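Every value quoted in this text rests on a predicted model; they were computed, and no experiment measured them.
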Amino acid sequence: MTRKRVRAVAPWGGLVVVWLVVTLAVGLFGFSKDSERVTIGAHAATVSPTFDGHATLDLGAVLPRLRIPADTPGGLGVNIDVQETDAENLTELLNRDALIASQPDGEIARIRQVIEEMAIDNAVAGAGTGLLVVVSVATLWTSLGRRRRRELWELVHTHERRFEHRAVVVLVAMLITIASIFGPARMRSADVAPTEWRPLAELLPDLSLDPRLQSVQVASGFSTTGGVGIIKTAIETYERSTEFYGKLRDQVPKVGGRIHQATEGETVALLVSDRHDNIGMDPVAAEVAKVAGAKVLIDAGDDSSSGQKWEVFSIHSLREHFKDLKVVAVAGNHDAGGHIEEAMRKNNFTVLDSKPVEVEGIRFLGDSDPTRTGLGSADSPGDETIAEQSTRLADVACAQPDDERISTMVVHDPSSYAETAARGCATLLLSGHLHRQVGPDHKVVDGRAVTTYTNGTTGGAAYAFALGYTLRRPGEMTLITYTGGRPIGLQTVSAGLDGQITVGAYNPLPS
(Lines give C-alpha, C1' and ligand atoms only; values in the text may rest on other atoms or scores of the structure.)
Protein backbone atom coordinates (compact mmCIF):
# COMPACT_ATOMS: atom_id res chain seq x y z
CA MET A 1 0.00 0.00 0.00
CA THR A 2 1.42 3.41 -0.96
CA ARG A 3 1.97 6.20 1.52
CA LYS A 4 -0.78 8.20 -0.23
CA ARG A 5 -3.32 5.42 0.31
CA VAL A 6 -2.23 5.01 3.94
CA ARG A 7 -2.81 8.73 4.52
CA ALA A 8 -6.23 8.49 2.83
CA VAL A 9 -7.33 5.44 4.82
CA ALA A 10 -5.99 6.49 8.22
CA PRO A 11 -8.32 9.49 8.78
CA TRP A 12 -11.40 7.47 7.88
CA GLY A 13 -10.36 4.63 10.16
CA GLY A 14 -9.92 7.18 12.93
CA LEU A 15 -13.38 8.59 12.26
CA VAL A 16 -14.92 5.14 12.61
CA VAL A 17 -13.17 4.74 15.98
CA VAL A 18 -14.40 8.18 17.09
CA TRP A 19 -17.96 7.29 16.03
CA LEU A 20 -17.88 4.00 17.96
CA VAL A 21 -16.46 5.57 21.11
CA VAL A 22 -18.96 8.46 21.14
CA THR A 23 -21.88 6.13 20.29
CA LEU A 24 -21.05 3.75 23.14
CA ALA A 25 -20.32 6.51 25.66
CA VAL A 26 -23.47 8.54 24.94
CA GLY A 27 -25.69 5.47 24.51
CA LEU A 28 -24.60 3.77 27.73
CA PHE A 29 -24.70 6.96 29.77
CA GLY A 30 -28.18 7.83 28.48
CA PHE A 31 -29.44 4.28 29.06
CA SER A 32 -28.12 4.16 32.63
CA LYS A 33 -29.92 7.43 33.46
CA ASP A 34 -33.14 6.70 31.56
CA SER A 35 -36.54 5.95 33.08
CA GLU A 36 -40.11 5.64 31.88
CA ARG A 37 -43.44 5.96 33.62
CA VAL A 38 -45.73 3.05 32.79
CA THR A 39 -48.76 1.22 34.11
CA ILE A 40 -47.88 -2.17 35.57
CA GLY A 41 -50.63 -4.25 37.05
CA ALA A 42 -52.74 -2.10 39.34
CA HIS A 43 -50.14 0.66 39.69
CA ALA A 44 -48.47 3.54 37.98
CA ALA A 45 -44.74 2.88 38.15
CA THR A 46 -41.41 4.28 37.04
CA VAL A 47 -39.14 1.74 35.37
CA SER A 48 -35.39 2.32 35.10
CA PRO A 49 -32.52 0.03 34.07
CA THR A 50 -29.80 -1.11 36.48
CA PHE A 51 -26.71 -3.27 36.22
CA ASP A 52 -27.08 -5.38 39.37
CA GLY A 53 -28.71 -8.39 37.69
CA HIS A 54 -31.96 -8.10 39.68
CA ALA A 55 -35.51 -6.89 39.20
CA THR A 56 -36.12 -4.72 42.26
CA LEU A 57 -39.55 -3.52 43.37
CA ASP A 58 -39.73 -0.46 45.59
CA LEU A 59 -43.22 -0.71 47.11
CA GLY A 60 -43.16 2.49 49.17
CA ALA A 61 -43.18 3.05 52.89
CA VAL A 62 -45.68 0.38 53.96
CA LEU A 63 -44.22 -2.67 52.23
CA PRO A 64 -40.57 -3.73 51.88
CA ARG A 65 -38.37 -3.57 48.85
CA LEU A 66 -38.28 -6.90 47.06
CA ARG A 67 -35.97 -8.24 44.42
CA ILE A 68 -35.63 -11.34 42.26
CA PRO A 69 -32.81 -12.42 39.91
CA ALA A 70 -33.45 -11.05 36.43
CA ASP A 71 -31.56 -13.82 34.61
CA THR A 72 -30.48 -11.43 31.86
CA PRO A 73 -27.14 -11.25 30.02
CA GLY A 74 -24.50 -8.76 31.11
CA GLY A 75 -25.92 -8.31 34.60
CA LEU A 76 -28.73 -6.11 33.28
CA GLY A 77 -31.46 -5.45 35.83
CA VAL A 78 -34.43 -3.17 36.38
CA ASN A 79 -35.73 -1.02 39.20
CA ILE A 80 -39.50 -0.64 39.45
CA ASP A 81 -40.62 2.25 41.62
CA VAL A 82 -44.25 1.35 42.34
CA GLN A 83 -46.39 4.44 42.87
CA GLU A 84 -50.07 5.39 43.00
CA THR A 85 -53.03 3.15 42.29
CA ASP A 86 -56.77 3.61 41.88
CA ALA A 87 -57.56 0.79 44.32
CA GLU A 88 -59.91 2.04 47.02
CA ASN A 89 -58.24 0.25 49.94
CA LEU A 90 -55.17 -1.79 50.84
CA THR A 91 -57.01 -5.13 50.84
CA GLU A 92 -58.29 -4.59 47.30
CA LEU A 93 -54.84 -3.50 46.17
CA LEU A 94 -53.08 -6.53 47.66
CA ASN A 95 -55.62 -8.92 46.15
CA ARG A 96 -55.06 -7.36 42.73
CA ASP A 97 -51.28 -7.52 43.06
CA ALA A 98 -51.21 -11.07 44.39
CA LEU A 99 -53.49 -12.39 41.64
CA ILE A 100 -51.61 -10.57 38.89
CA ALA A 101 -48.37 -11.92 40.37
CA SER A 102 -49.71 -15.46 40.07
CA GLN A 103 -49.59 -15.05 36.26
CA PRO A 104 -46.88 -12.40 35.82
CA ASP A 105 -45.67 -13.37 32.34
CA GLY A 106 -47.61 -10.61 30.60
CA GLU A 107 -46.28 -7.89 32.89
CA ILE A 108 -42.74 -9.27 32.74
CA ALA A 109 -42.92 -9.13 28.95
CA ARG A 110 -44.20 -5.55 29.16
CA ILE A 111 -41.29 -4.47 31.42
CA ARG A 112 -38.83 -6.25 29.12
CA GLN A 113 -40.33 -4.38 26.16
CA VAL A 114 -39.96 -1.03 27.97
CA ILE A 115 -36.27 -1.71 28.74
CA GLU A 116 -35.65 -2.81 25.15
CA GLU A 117 -37.26 0.39 23.86
CA MET A 118 -35.03 2.45 26.19
CA ALA A 119 -31.95 0.62 24.92
CA ILE A 120 -32.92 1.18 21.28
CA ASP A 121 -33.76 4.87 21.84
CA ASN A 122 -30.45 5.54 23.58
CA ALA A 123 -28.49 3.54 21.00
CA VAL A 124 -30.05 5.69 18.26
CA ALA A 125 -29.27 8.85 20.26
CA GLY A 126 -25.68 7.70 20.76
CA ALA A 127 -25.27 6.84 17.08
CA GLY A 128 -26.69 10.22 16.08
CA THR A 129 -24.36 12.05 18.44
CA GLY A 130 -21.41 10.03 17.18
CA LEU A 131 -22.35 10.84 13.60
CA LEU A 132 -22.56 14.54 14.46
CA VAL A 133 -19.08 14.46 16.01
CA VAL A 134 -17.68 12.56 13.02
CA VAL A 135 -19.21 15.00 10.55
CA SER A 136 -17.81 17.92 12.54
CA VAL A 137 -14.32 16.38 12.66
CA ALA A 138 -14.44 15.43 8.98
CA THR A 139 -15.61 18.92 8.03
CA LEU A 140 -12.80 20.52 10.05
CA TRP A 141 -10.28 18.07 8.53
CA THR A 142 -11.40 18.88 4.99
CA SER A 143 -11.61 22.64 5.63
CA LEU A 144 -8.02 22.82 6.84
CA GLY A 145 -6.68 21.36 3.60
CA ARG A 146 -3.60 19.23 3.08
CA ARG A 147 -1.09 22.07 3.26
CA ARG A 148 -2.45 23.52 6.48
CA ARG A 149 -2.59 20.07 8.07
CA ARG A 150 1.06 19.54 7.08
CA GLU A 151 2.01 22.88 8.64
CA LEU A 152 0.21 21.98 11.86
CA TRP A 153 1.93 18.58 11.90
CA GLU A 154 5.35 20.23 11.48
CA LEU A 155 4.45 22.75 14.18
CA VAL A 156 3.60 19.96 16.57
CA HIS A 157 6.89 18.17 15.90
CA THR A 158 8.86 21.43 16.15
CA HIS A 159 7.36 22.33 19.49
CA GLU A 160 6.60 18.81 20.62
CA ARG A 161 7.29 19.27 24.33
CA ARG A 162 5.34 22.53 24.53
CA PHE A 163 2.45 20.91 22.66
CA GLU A 164 2.43 17.95 25.02
CA HIS A 165 2.26 20.26 28.03
CA ARG A 166 -0.67 22.19 26.52
CA ALA A 167 -2.44 18.95 25.61
CA VAL A 168 -2.10 17.73 29.21
CA VAL A 169 -3.46 21.04 30.52
CA VAL A 170 -6.45 20.87 28.14
CA LEU A 171 -7.14 17.23 29.05
CA VAL A 172 -7.00 17.95 32.79
CA ALA A 173 -9.33 20.93 32.34
CA MET A 174 -11.82 18.73 30.44
CA LEU A 175 -11.73 16.08 33.16
CA ILE A 176 -12.29 18.68 35.88
CA THR A 177 -15.27 20.10 33.95
CA ILE A 178 -16.83 16.68 33.49
CA ALA A 179 -16.27 15.81 37.14
CA SER A 180 -17.87 19.09 38.25
CA ILE A 181 -20.99 18.27 36.25
CA PHE A 182 -21.46 14.59 37.05
CA GLY A 183 -19.23 13.89 40.02
CA PRO A 184 -20.43 15.67 43.20
CA ALA A 185 -23.23 13.26 44.00
CA ARG A 186 -20.88 10.31 43.58
CA MET A 187 -18.01 11.88 45.53
CA ARG A 188 -20.12 12.60 48.62
CA SER A 189 -20.03 9.85 51.21
CA ALA A 190 -23.25 7.88 51.55
CA ASP A 191 -25.31 8.61 54.66
CA VAL A 192 -27.12 5.26 54.48
CA ALA A 193 -25.54 1.84 54.75
CA PRO A 194 -25.82 -0.38 51.68
CA THR A 195 -29.00 -2.45 51.51
CA GLU A 196 -28.69 -5.96 52.84
CA TRP A 197 -30.98 -8.59 51.39
CA ARG A 198 -32.31 -11.78 52.89
CA PRO A 199 -34.56 -14.52 51.47
CA LEU A 200 -38.31 -14.07 51.74
CA ALA A 201 -38.44 -17.55 53.31
CA GLU A 202 -36.63 -16.19 56.39
CA LEU A 203 -39.34 -13.57 56.85
CA LEU A 204 -42.11 -16.18 56.55
CA PRO A 205 -40.64 -19.44 57.88
CA ASP A 206 -44.06 -21.02 58.47
CA LEU A 207 -45.02 -20.89 54.77
CA SER A 208 -43.93 -23.40 52.14
CA LEU A 209 -42.96 -21.20 49.20
CA ASP A 210 -42.91 -22.32 45.59
CA PRO A 211 -39.62 -22.12 43.59
CA ARG A 212 -40.48 -18.69 42.18
CA LEU A 213 -41.04 -17.20 45.65
CA GLN A 214 -37.96 -18.92 47.07
CA SER A 215 -35.80 -16.75 44.82
CA VAL A 216 -37.39 -13.53 46.15
CA GLN A 217 -35.30 -11.45 48.54
CA VAL A 218 -36.47 -8.80 51.02
CA ALA A 219 -34.56 -5.71 52.12
CA SER A 220 -33.28 -6.31 55.63
CA GLY A 221 -34.69 -4.27 58.49
CA PHE A 222 -38.31 -4.90 57.55
CA SER A 223 -39.92 -6.89 60.34
CA THR A 224 -43.00 -5.02 61.56
CA THR A 225 -45.87 -7.31 62.56
CA GLY A 226 -48.40 -5.48 60.41
CA GLY A 227 -46.15 -5.50 57.35
CA VAL A 228 -45.36 -9.21 57.67
CA GLY A 229 -49.09 -9.95 58.00
CA ILE A 230 -49.84 -8.02 54.83
CA ILE A 231 -47.19 -9.92 52.89
CA LYS A 232 -48.37 -13.25 54.29
CA THR A 233 -51.95 -12.58 53.21
CA ALA A 234 -50.82 -11.61 49.72
CA ILE A 235 -48.67 -14.73 49.37
CA GLU A 236 -51.50 -16.99 50.55
CA THR A 237 -53.77 -15.46 47.89
CA TYR A 238 -51.02 -15.90 45.30
CA GLU A 239 -50.50 -19.55 46.23
CA ARG A 240 -54.22 -20.39 46.17
CA SER A 241 -54.51 -18.88 42.70
CA THR A 242 -51.37 -20.61 41.43
CA GLU A 243 -52.48 -23.97 42.79
CA PHE A 244 -56.07 -23.81 41.45
CA TYR A 245 -55.25 -22.67 37.91
CA GLY A 246 -52.09 -24.76 37.79
CA LYS A 247 -54.11 -27.92 38.42
CA LEU A 248 -56.60 -26.92 35.72
CA ARG A 249 -53.79 -26.41 33.21
CA ASP A 250 -52.20 -29.74 34.08
CA GLN A 251 -55.49 -31.53 33.43
CA VAL A 252 -55.81 -30.36 29.83
CA PRO A 253 -53.31 -32.82 28.28
CA LYS A 254 -55.00 -35.64 30.21
CA VAL A 255 -58.30 -34.97 28.43
CA GLY A 256 -56.61 -34.15 25.14
CA GLY A 257 -57.88 -37.38 23.56
CA ARG A 258 -61.42 -35.99 23.72
CA ILE A 259 -60.48 -32.76 21.94
CA HIS A 260 -61.06 -32.81 18.18
CA GLN A 261 -57.71 -32.88 16.42
CA ALA A 262 -57.35 -30.86 13.23
CA THR A 263 -56.62 -32.96 10.16
CA GLU A 264 -54.64 -31.88 7.11
CA GLY A 265 -56.26 -28.86 5.50
CA GLU A 266 -58.11 -27.84 8.67
CA THR A 267 -57.45 -24.71 10.77
CA VAL A 268 -58.49 -24.43 14.42
CA ALA A 269 -59.36 -21.20 16.25
CA LEU A 270 -59.98 -20.78 19.98
CA LEU A 271 -62.80 -18.44 21.05
CA VAL A 272 -62.66 -16.66 24.43
CA SER A 273 -64.87 -13.92 25.84
CA ASP A 274 -65.71 -12.06 29.05
CA ARG A 275 -62.39 -12.76 30.78
CA HIS A 276 -62.97 -9.69 33.00
CA ASP A 277 -59.33 -9.45 34.16
CA ASN A 278 -59.07 -13.12 35.13
CA ILE A 279 -55.62 -13.84 33.72
CA GLY A 280 -55.48 -17.02 35.80
CA MET A 281 -57.45 -18.75 33.03
CA ASP A 282 -55.00 -17.67 30.30
CA PRO A 283 -52.50 -20.53 30.71
CA VAL A 284 -55.42 -22.96 30.86
CA ALA A 285 -56.87 -21.60 27.61
CA ALA A 286 -53.39 -21.55 26.05
CA GLU A 287 -52.94 -25.23 26.90
CA VAL A 288 -56.29 -26.03 25.24
CA ALA A 289 -55.15 -24.15 22.13
CA LYS A 290 -51.84 -26.04 22.15
CA VAL A 291 -53.48 -29.49 22.44
CA ALA A 292 -55.94 -28.63 19.65
CA GLY A 293 -53.23 -27.19 17.41
CA ALA A 294 -54.98 -23.81 17.17
CA LYS A 295 -53.52 -21.07 14.96
CA VAL A 296 -55.97 -18.25 15.73
CA LEU A 297 -57.35 -16.77 18.94
CA ILE A 298 -60.74 -15.05 18.66
CA ASP A 299 -61.43 -12.62 21.52
CA ALA A 300 -65.08 -11.53 21.76
CA GLY A 301 -64.44 -8.77 24.30
CA ASP A 302 -64.83 -7.73 27.93
CA ASP A 303 -61.22 -8.50 28.75
CA SER A 304 -61.47 -5.92 31.55
CA SER A 305 -64.07 -4.96 34.12
CA SER A 306 -64.14 -1.17 33.74
CA GLY A 307 -61.83 -0.29 30.83
CA GLN A 308 -59.36 1.54 33.09
CA LYS A 309 -55.74 1.97 32.11
CA TRP A 310 -54.42 -0.28 34.88
CA GLU A 311 -56.42 -3.17 33.38
CA VAL A 312 -54.29 -3.39 30.25
CA PHE A 313 -52.36 -6.08 32.14
CA SER A 314 -55.17 -8.37 30.94
CA ILE A 315 -54.21 -7.73 27.31
CA HIS A 316 -50.48 -8.12 28.05
CA SER A 317 -51.23 -11.53 29.56
CA LEU A 318 -53.30 -12.58 26.56
CA ARG A 319 -50.53 -11.60 24.17
CA GLU A 320 -47.84 -13.39 26.17
CA HIS A 321 -49.75 -16.67 26.53
CA PHE A 322 -50.89 -16.67 22.89
CA LYS A 323 -47.78 -15.16 21.32
CA ASP A 324 -47.60 -17.92 18.71
CA LEU A 325 -51.20 -17.35 17.55
CA LYS A 326 -52.76 -14.65 15.46
CA VAL A 327 -55.35 -12.77 17.51
CA VAL A 328 -58.62 -11.38 16.14
CA ALA A 329 -60.45 -9.24 18.70
CA VAL A 330 -63.25 -6.82 19.51
CA ALA A 331 -63.70 -4.78 22.69
CA GLY A 332 -66.76 -5.26 24.89
CA ASN A 333 -68.96 -2.78 26.71
CA HIS A 334 -66.74 -3.07 29.83
CA ASP A 335 -63.66 -2.32 27.71
CA ALA A 336 -64.87 1.10 26.58
CA GLY A 337 -62.65 4.13 27.04
CA GLY A 338 -59.94 3.40 24.51
CA HIS A 339 -57.25 1.92 26.79
CA ILE A 340 -58.07 -1.72 26.05
CA GLU A 341 -58.35 -1.29 22.27
CA GLU A 342 -55.12 0.72 22.23
CA ALA A 343 -53.35 -2.07 24.14
CA MET A 344 -54.77 -4.63 21.69
CA ARG A 345 -53.35 -2.75 18.71
CA LYS A 346 -49.98 -2.22 20.41
CA ASN A 347 -49.82 -5.98 20.91
CA ASN A 348 -50.54 -6.58 17.21
CA PHE A 349 -54.08 -7.88 17.61
CA THR A 350 -56.29 -7.61 14.54
CA VAL A 351 -59.03 -5.39 16.02
CA LEU A 352 -62.15 -5.65 13.86
CA ASP A 353 -63.56 -2.25 12.84
CA SER A 354 -66.46 -2.90 10.45
CA LYS A 355 -64.23 -3.82 7.50
CA PRO A 356 -63.82 -7.38 6.19
CA VAL A 357 -60.36 -8.81 6.92
CA GLU A 358 -58.79 -12.19 6.20
CA VAL A 359 -56.71 -14.01 8.81
CA GLU A 360 -55.35 -17.53 8.18
CA GLY A 361 -57.69 -17.81 5.20
CA ILE A 362 -60.77 -16.98 7.34
CA ARG A 363 -62.80 -13.95 6.27
CA PHE A 364 -63.82 -11.96 9.38
CA LEU A 365 -66.14 -9.01 9.97
CA GLY A 366 -67.04 -7.37 13.26
CA ASP A 367 -66.77 -4.34 15.48
CA SER A 368 -66.32 -3.39 19.13
CA ASP A 369 -69.32 -2.77 21.33
CA PRO A 370 -70.60 0.83 21.15
CA THR A 371 -72.01 0.79 24.70
CA ARG A 372 -69.97 1.86 27.72
CA THR A 373 -70.46 0.11 31.06
CA GLY A 374 -68.28 0.58 34.12
CA LEU A 375 -67.90 -1.76 37.06
CA GLY A 376 -71.23 -1.63 38.87
CA SER A 377 -72.52 1.28 36.76
CA ALA A 378 -75.36 1.59 34.26
CA ASP A 379 -74.87 1.50 30.49
CA SER A 380 -73.94 4.73 28.74
CA PRO A 381 -74.75 5.12 25.03
CA GLY A 382 -71.90 5.43 22.58
CA ASP A 383 -71.78 6.84 19.06
CA GLU A 384 -74.56 4.47 18.00
CA THR A 385 -76.99 2.02 19.54
CA ILE A 386 -76.63 -1.75 19.35
CA ALA A 387 -79.56 -1.86 16.90
CA GLU A 388 -77.88 0.72 14.66
CA GLN A 389 -74.62 -1.23 14.77
CA SER A 390 -76.49 -4.43 13.88
CA THR A 391 -78.02 -2.82 10.78
CA ARG A 392 -74.75 -1.20 9.70
CA LEU A 393 -72.77 -4.43 9.99
CA ALA A 394 -75.48 -6.31 8.08
CA ASP A 395 -75.24 -3.78 5.26
CA VAL A 396 -71.48 -4.37 5.05
CA ALA A 397 -71.80 -8.17 5.21
CA CYS A 398 -74.60 -8.35 2.64
CA ALA A 399 -72.65 -6.15 0.21
CA GLN A 400 -69.93 -8.82 -0.13
CA PRO A 401 -69.96 -10.95 -3.31
CA ASP A 402 -70.74 -14.66 -2.97
CA ASP A 403 -67.11 -15.68 -3.44
CA GLU A 404 -66.08 -13.33 -0.59
CA ARG A 405 -68.87 -14.24 1.82
CA ILE A 406 -68.19 -13.44 5.47
CA SER A 407 -67.07 -16.68 7.10
CA THR A 408 -67.14 -15.44 10.70
CA MET A 409 -68.69 -12.35 12.29
CA VAL A 410 -67.38 -11.43 15.75
CA VAL A 411 -69.19 -8.97 18.04
CA HIS A 412 -69.53 -8.71 21.79
CA ASP A 413 -73.30 -8.46 22.21
CA PRO A 414 -75.31 -11.08 20.26
CA SER A 415 -77.83 -8.36 19.40
CA SER A 416 -75.12 -6.79 17.23
CA TYR A 417 -75.23 -9.70 14.79
CA ALA A 418 -79.02 -10.14 14.78
CA GLU A 419 -79.67 -8.34 11.47
CA THR A 420 -76.81 -10.10 9.67
CA ALA A 421 -78.11 -13.48 10.85
CA ALA A 422 -81.65 -12.61 9.76
CA ARG A 423 -80.46 -11.72 6.26
CA GLY A 424 -78.18 -14.77 6.06
CA CYS A 425 -75.08 -12.77 5.13
CA ALA A 426 -72.50 -14.62 7.28
CA THR A 427 -71.86 -18.31 7.92
CA LEU A 428 -70.89 -18.24 11.63
CA LEU A 429 -71.79 -15.41 14.00
CA LEU A 430 -70.00 -15.29 17.37
CA SER A 431 -70.49 -13.24 20.54
CA GLY A 432 -70.10 -13.21 24.32
CA HIS A 433 -71.63 -10.74 26.80
CA LEU A 434 -74.28 -13.01 28.34
CA HIS A 435 -71.82 -15.03 30.48
CA ARG A 436 -73.61 -18.23 29.42
CA GLN A 437 -73.53 -20.37 26.34
CA VAL A 438 -76.32 -19.95 23.80
CA GLY A 439 -76.39 -22.21 20.75
CA PRO A 440 -75.10 -23.24 18.40
CA ASP A 441 -78.35 -22.45 16.58
CA HIS A 442 -78.61 -23.34 12.90
CA LYS A 443 -80.90 -22.09 10.19
CA VAL A 444 -80.98 -21.72 6.41
CA VAL A 445 -81.60 -18.33 4.81
CA ASP A 446 -82.01 -18.16 1.02
CA GLY A 447 -80.35 -21.54 0.71
CA ARG A 448 -77.33 -20.55 2.84
CA ALA A 449 -76.46 -22.12 6.21
CA VAL A 450 -76.20 -19.70 9.14
CA THR A 451 -75.03 -20.58 12.66
CA THR A 452 -75.19 -18.26 15.68
CA TYR A 453 -73.27 -18.98 18.86
CA THR A 454 -72.63 -17.17 22.15
CA ASN A 455 -69.65 -18.25 24.23
CA GLY A 456 -69.91 -18.35 28.02
CA THR A 457 -67.53 -16.36 30.22
CA THR A 458 -63.96 -17.60 29.91
CA GLY A 459 -63.03 -15.76 33.11
CA GLY A 460 -65.74 -17.49 35.12
CA ALA A 461 -67.35 -14.13 35.93
CA ALA A 462 -70.66 -14.07 37.78
CA TYR A 463 -71.01 -10.36 37.06
CA ALA A 464 -68.49 -7.93 35.58
CA PHE A 465 -65.57 -8.91 37.77
CA ALA A 466 -63.69 -12.21 37.62
CA LEU A 467 -60.27 -11.49 39.13
CA GLY A 468 -59.85 -14.06 41.87
CA TYR A 469 -58.07 -17.19 43.00
CA THR A 470 -61.04 -19.34 41.95
CA LEU A 471 -63.93 -19.28 39.45
CA ARG A 472 -67.35 -17.85 40.20
CA ARG A 473 -68.94 -19.90 37.42
CA PRO A 474 -67.51 -22.33 34.84
CA GLY A 475 -64.86 -20.80 32.61
CA GLU A 476 -65.69 -21.62 29.01
CA MET A 477 -63.78 -21.52 25.73
CA THR A 478 -64.77 -22.88 22.32
CA LEU A 479 -62.71 -24.52 19.59
CA ILE A 480 -63.79 -23.76 16.02
CA THR A 481 -62.57 -25.90 13.14
CA TYR A 482 -62.31 -24.46 9.62
CA THR A 483 -61.55 -25.92 6.23
CA GLY A 484 -60.83 -23.66 3.29
CA GLY A 485 -61.79 -20.70 5.51
CA ARG A 486 -65.27 -22.15 6.15
CA PRO A 487 -66.36 -23.17 9.70
CA ILE A 488 -67.19 -26.86 9.93
CA GLY A 489 -67.36 -27.67 13.66
CA LEU A 490 -67.57 -26.36 17.24
CA GLN A 491 -66.44 -27.88 20.53
CA THR A 492 -66.60 -26.36 24.02
CA VAL A 493 -64.02 -26.89 26.75
CA SER A 494 -64.96 -25.80 30.29
CA ALA A 495 -63.13 -25.36 33.59
CA GLY A 496 -65.43 -26.14 36.52
CA LEU A 497 -65.64 -24.66 39.98
CA ASP A 498 -64.51 -28.06 41.26
CA GLY A 499 -61.24 -27.72 39.37
CA GLN A 500 -62.17 -30.23 36.66
CA ILE A 501 -61.88 -29.83 32.87
CA THR A 502 -64.92 -30.85 30.82
CA VAL A 503 -64.74 -31.40 27.05
CA GLY A 504 -68.03 -31.11 25.16
CA ALA A 505 -69.00 -33.12 22.10
CA TYR A 506 -67.71 -32.04 18.71
CA ASN A 507 -70.63 -30.46 16.80
CA PRO A 508 -70.32 -30.49 12.99
CA LEU A 509 -71.84 -27.41 11.37
CA PRO A 510 -74.24 -27.67 8.43
CA SER A 511 -72.68 -26.97 5.04
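- When atom types are taken as modelled, the side chain of D250 and the backbone of K247 share no donor-acceptor pair closer than 3.5 angstrom.
- Here the side chain of R392 pairs no donor or acceptor atom with the backbone of D395 at under 3.5 angstrom.
- In this structure, the side chain of T457 engages the main chain of G459 through a donor-acceptor pair within 3.5 Å.
- T263 and E266 share a donor-acceptor pair across their side chains, judged by distance under 3.5 Å alone.
- Residues D402 and R448 have side chains in contact (heavy-atom distance under 4.5 Å, counting atoms from C-beta outward).
- Within the 3.5 Å criterion, the main-chain N or O of L248 finds no donor-acceptor partner in the side chain of Q251.
- Using a 4.5 Å cut-off on side-chain heavy atoms (C-beta onward), R240 and T242 make no contact.
- Side chains of S416 and Q389: a donor-acceptor N/O pair is present below 3.5 angstrom, by distance only.
- The stretch residues 386-426 participates, sequence neighbours left out, in these ring pair (Phe, Tyr, Trp, His ring centres under 6.0 Å) pairs: H412-H433.
- The aromatic ring centroids of H316 and H321 lie 6.0 Å or more from each other.
- Between the side chain of S314 and the main chain of D303, a donor-acceptor pair closer than 3.5 Å is present.
- With hydrogens and angles disregarded, no donor-acceptor distance shorter than 3.5 Å links the side chain of E476 to the backbone of N455.
- When side chains are defined from C-beta on, F313 counts as touching I279, because their heavy atoms get closer than 4.5 Å.
- The backbone N or O of T385 sits less than 3.5 Å from a side-chain atom of E388, completing a donor-acceptor pair.
- Counting only heavy atoms from C-beta outward, the side chains of V296 and L270 never approach each other to under 4.5 Å.
- Panel note: side chain S407, backbone G485; a donor-acceptor pair is recorded below 3.5 Å.
- The side-chain contact (heavy atoms from CB on, under 4.5 Å) test with I480 singles out one residue from L428, T267, I362, and that residue is L428.
- With hydrogens and angles disregarded, no donor-acceptor distance shorter than 3.5 Å links the side chain of E419 to the backbone of S390.
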Margin query: Show, in sequence, the C-alpha distance, side-chain angles and deciding distance for D299 and V330, and conclude whether the side chain to side chain contact (heavy atoms under 4.5 Å, CB included) test is met.
Written below: CA-CA 6 Å; D299 178 9; V330 297; over 6 Å; no
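- No side-chain heavy atom of D302 sits under 4.5 Å from any side-chain heavy atom of S273.
- At a cut-off of 3.5 Å, with distance as the only test, a side-chain donor of Y482 or T408 sits close to an acceptor on the other residue.
- The environment of CG in D383 is sparse: at most 12 heavy-atom neighbours from other residues, nucleotides or ligands sit within 6.0 Å.
- Looking at P414 and T452, their side chains never come closer than 4.5 Å, going by heavy atoms from C-beta outward.
- Put simply, the side chain of Q500 never gets that close to the backbone of G496: no donor and acceptor are under 3.5 Å apart.
- By the 6.0 Å contact criterion, CG on D403 is enclosed, its count of non-hydrogen atoms from other residues, nucleotides or ligands being greater than 12.
- No side-chain donor-acceptor contact under 3.5 Å links T478 and Q491.
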Margin query: Pair H276, T458 - check side chain to side chain contact (heavy atoms under 4.5 Å, CB included), show working.
Written below: CA-CA 9 Å; H276 287 294; T458 304; over 6 Å; no
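- Between the side chains of D277 and S304, no donor-acceptor pair is found at a separation under 3.5 Å.
- The shortest distance between side-chain heavy atoms of R405 and Q400 does not fall below 4.5 Å.
- No side-chain N or O of R486 forms a donor-acceptor pair with one of T427 less than 3.5 Å apart.
- Contact of the F364 side chain with the I406 side chain is not registered, since no non-hydrogen atoms from C-beta on lie closer than 4.5 Å.
- The aromatic rings of H260 and Y506 lie parallel to each other, their planes meeting at an angle below 30°, with 60° marking the opposite boundary.
- T373 and N333 share a side-chain donor-acceptor pair at under 3.5 Å.
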